[in-house]
Amino acid sequence: MGKTNEEIIKLCREVYLAHIPDINTYIHDFDTANHQIFKLVSMHDDEQLLLCTQYLESFAKICYFLVTDRRCMLVQPSLTGGEVSSFPFDTIGSVEYKKSFTKSLVKIHLKTEKTHEFTHLKCDKVSGVLQQAMNDYKHPKAPASTPKADEDLLTQIQKLQELKISGALTEEEFSLIKRKLIEEF
């Protein structure tokens, strides 16, 4: 199951507006754009949208560049409706950016030797969001280790009991440590 078109459009608007002015310059651009193009975008329910911004394609055509926690997408309007290209992070080899007085350029080098270029982005910020998302995807944070609940607690109490029997722990120490273990459980 995936997000509905209305959810995707709302999410794109929220993320676009959240990045004004650091990445996106104009508030009215997103609201006046033809949002029919976003109906071509599909996202999984658990996929998070991190960035939605515009870039210029050939002939000054305004397109959208999206970054999720799994991939980047290019949303390009056309006379026939539009096109969405998706690049999962595991297909991307590297990302680079160049900035000059007249324009900025972000290049995404795919592992297939193909390169996609995006101009007129606030490239250092866009590249930073993309690099961070790719890094988080490729090197996920390990979930907090959870003990094997019942078995670990029982094993720990048995070890405490053995220490008490051997005389290493007093009855008070045993009871105190046992109570703490049970509370933490």
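Note: hydrogens, waters and symmetry copies are ignored here, and every other heavy atom, side chains too, is used. This chain uses plain numbering: 1 for the first residue, then up along the sequence.
Phe65 has its side chain within reach of Leu130: a pair of non-hydrogen atoms, C-beta onward, lies under 4.5 Å apart. Residues Leu51 and Leu66 are not in side-chain contact: their nearest non-hydrogen atoms beyond the backbone lie 4.5 Å or more apart. Under the 4.5 Å side-chain criterion, counting only non-hydrogen atoms from C-beta, Cys72 is in contact with Ile92. Contact annotation: the side chain of Ile177 approaches that of Leu169 to within less than 4.5 Å [non-hydrogen atoms, C-beta and beyond]. Within the 4.5 Å cutoff, no side-chain heavy atoms of Val41 are placed close to those of Ile9. By the 4.5 Å heavy-atom criterion applied to side chains, Leu49 and Cys12 are counted as neighbours. Residues Gln131 and Asn135 fail the side-chain proximity criterion, which asks for heavy atoms closer than 4.5 Å. Between Val95 and Val106, some side-chain heavy-atom pair lies under the 4.5 Å cut-off.
Partner Met43 forms a side-chain contact (heavy atoms from CB on, under 4.5 Å) with one of Glu7, Met73, Gln48 and no other, that one being Met73. The side-chain hydrogen bond (donor to acceptor under 3.5 Å, both in side chains) with Glu47 is formed by just one residue from the set Arg71, Arg70, Lys3; it is Arg71.
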* Kindly determine whether Val67 and Val126 satisfy side chain to side chain contact (heavy atoms under 4.5 Å, CB included), including the steps that lead there. => CA-CA 9 Å; Val67 176; Val126 170; 5.5 Å; no
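Taking His116 as the reference, Phe87 meet the ring pair (Phe, Tyr, Trp, His ring centres under 6.0 Å) condition, with sequence neighbours excluded. Remark: Lys178 pairs with no residue by the salt bridge (charged side-chain N to carboxylate O under 4.0 Å, His left out) rule, at least two apart or across chains. Applying the side chain to side chain contact (heavy atoms under 4.5 Å, CB included) criterion to Ala168, with sequence neighbours excluded, gives Leu163, Ser166.
Taking all atoms of both residues into account, the shortest heavy-atom contact from Ala133 to Leu50 is CB-CD1, 3.6 Å. Shortest non-hydrogen contact noted between Lys107 and Thr115 is CB-CG2, 4.1 Å. Smallest separation of non-hydrogen atoms from Pro88 and Ser86: CD-O, 3.6 Å.
Once rounded to the nearest 0.5 Å, the distance linking CD of Gln161 with CD of Gln158 reads 9.0 Å. Taking CD1 of Ile8 as the start and OG of Ser42 as the end, the distance is 6.5 Å to the nearest 0.5 Å. In this structure, CD1 in Ile108 is found 14.0 Å from OH in Tyr97, a value given to the nearest 0.5 Å. Taking CD1 from Ile23 and OH from Tyr16, the interatomic distance works out to 11.0 Å, rounded to the nearest 0.5 Å. One distance of note links NE2 of His139 with CE of Met134; it measures 9.5 Å at 0.5 Å rounding. If you take OG on Ser175 and CG on Leu160, they are separated by 10.0 Å, rounding to the nearest 0.5 Å.
Residues Gln132 and Asp136 have side chains that bring a donor and an acceptor to within less than 3.5 angstrom of each other.
Between the side chain of His109 and the main chain of Glu96, no donor-acceptor pair closer than 3.5 Å is present. No side-chain donor-acceptor contact under 3.5 Å links Gln76 to the backbone of Gly82.
Within a 6.0 Å sphere centred on NZ of Lys111, other residues, nucleotides and ligands contribute more than 12 heavy atoms.
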